[in-house]
**Student:** 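Structure in structure tokens, see below.
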Amino acid sequence: MIQWLKEGVTGLVREFKEGKDDLSDQDEMFRGRTAVFVDQVIVGNASLRLKNVQLTDAGTYKCYIITSKGKGNANLEYKTGAFSIPEVNVDCNATSESLRREAPRWFPQPTVVWASQVDQGANFSEVSDTSFELNSENVTMKVVSVLYNVTINNTYSCVIENNLAKATGDIKVTDSEIKRQSHLQLLNSKASLCVSSVAITWVLRPLCPYLMLK
Ligand SMILES: *[C@@H]1O[C@H](CO)[C@@H](O)[C@H](O)[C@H]1NC(C)=O
Ligand SMILES: *[C@@H]1O[C@H](CO)[C@@H](O)[C@H](O)[C@H]1NC(C)=O
Ligand SMILES: *[C@@H]1O[C@H](CO)[C@@H](O)[C@H](O)[C@H]1NC(C)=O
Ligand SMILES: *[C@@H]1O[C@H](CO)[C@@H](O)[C@H](O)[C@H]1NC(C)=O
Ligand SMILES: *[C@@H]1O[C@H](CO)[C@@H](O)[C@H](O)[C@H]1NC(C)=O
Ligand SMILES: *[C@@H]1O[C@H](CO)[C@@H](O)[C@H](O)[C@H]1NC(C)=O
């Protein structure tokens, strides 16, 4: 018997027993969206398939297994979110130069921190402005952060970070040019990525990805 449950949800996510699916206690919110891999159950693989992933699917899932040879259980934490690599632009005017960093999609709301190689340890919160603008799907947000009064011959870094990802950008400002370099890091090496139909990047973050009973 395989039972998948979700913390805080009354009904079951999925139940498989006596060689077949039993949907009698399945919760409404998982109707038509879950499956076990029947051919894999025989080899002890109780993985759950979840389709049409929604933000509300984030949470802790529990899997209980009973076989003739024993029983076991596993917890899995599933997180959903969005992140994107920011672009850097330079706004120039007569009095000062500023750096504008824009990332089209983040969720949950990230923190944005600027730093400088020359003024190490300086706190740039007074000379920067960060705004979060809700995108049209009402979930993810566009992040815009502007750093004012940029000085020449300095390298600035800007870190945008939430619980899923960290985007680091280094911006080197000299008399003649501005060099930029960005990279995005997922905060869990086990994470796997896929792109949903609304082009939000979702992250699956299993703490205990599967349970094998043989
Ligand atoms: C269990 O089955 C799923 C679906 O076929 C597969 O993606 C996964 O890798 C399998 N897990 C193991 C541990 O074999
Ligand atoms: C120059 O840029 C700074 C910072 O972006 C802004 O506060 C100021 O109003 C701008 N000045 C002009 C003349 O546009
Ligand atoms: C920077 O200064 C602001 C207030 O000006 C403060 O809220 C913030 O915690 C400071 N950040 C760091 C990293 O010290
Ligand atoms: C930028 O520098 C100018 C001139 O030094 C100053 O008047 C202005 O307040 C500074 N802007 C910010 C946002 O600190
Ligand atoms: C987003 O929210 C606004 C205001 O609440 C609403 O008018 C709009 O239909 C929502 N859009 C979507 C895609 O749900
Ligand atoms: C920046 O560095 C270059 C080369 O080291 C130097 O020639 C230039 O004067 C510096 N510019 C400023 C504004 O400090």
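Not measured: the values here are computed from a predicted model. Whatever order the structure lists them in is the order used to number ligands and atoms, beginning at 1.
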**Student:** Can you check whether a protein heavy atom sits less than 4.0 angstrom from atom 9 (O) of ligand 3?
**Tutor:**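 Neighbour list for atom 9 (O) of ligand 3 is empty of protein heavy atoms (cut-off 4.0 Å).
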**Student:** Can you find a pair of side-chain heavy atoms, one from V118 and one from T151, that are under 4.5 Å apart?
**Tutor:**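 No; the side chains remain at least 4.5 Å from each other.
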**Student:** Looking at K6 and D27, does any basic side-chain N land under 4.0 Å from a carboxylate oxygen?
**Tutor:**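 Looking at K6 and D27, the cut-off is not met.
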**Student:** So do the side chains of W114 and V127 get within less than 4.5 Å of each other, counting heavy atoms only?
**Tutor:**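 No, their side chains stay 4.5 Å or more apart.
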**Student:** Would you confirm whether N45, through its side chain, and S47, through its main-chain N or O, come within 3.5 Å as a donor-acceptor pair?
**Tutor:**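 Side chain of N45 to backbone of S47, a donor-acceptor pair under 3.5 Å: yes, one is there.
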**Student:** Going by the order shown, which atoms of ligand 1 are within less than 4.0 Å of some heavy atom of F37?
**Tutor:**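 Per the distance check, 4 (C), 5 (O).
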**Student:** For atom 3 (C) of ligand 6, decide whether some protein heavy-atom distance is shorter than 4.0 Å.
**Tutor:**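 Yes, there is one.
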**Student:** Protein heavy atom under 4.0 angstrom of atom 13 (C) of ligand 3, is there one?
**Tutor:**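 Given the 4.0 Å cut-off, atom 13 (C) of ligand 3 does not count as touching protein heavy atoms.
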**Student:** Show me which atoms of ligand 3 lie under 4.0 Å from any heavy atom of E126.
**Tutor:**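 Within the 4.0 Å cut-off of E126, ligand 3 contributes 5 (O).
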**Student:** Among protein heavy atoms, which lies nearest atom 6 (C) of ligand 3, and at what distance?
**Tutor:**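 For this ligand atom, the closest protein heavy atom is N123 ND2, 4.2 Å.
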**Student:** Need the ligand 3 atom indices (1-based, order shown) with element for anything under 4.0 Å from a heavy-atom of S125.
**Tutor:**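 Close to S125: 1 (C), 2 (O), 3 (C), 4 (C), 5 (O).
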**Student:** Could you check which of V36, V41, N45 puts a non-hydrogen atom nearest to atom 1 (C) of ligand 1?
**Tutor:**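 Looking at heavy atoms only, the winner is N45.
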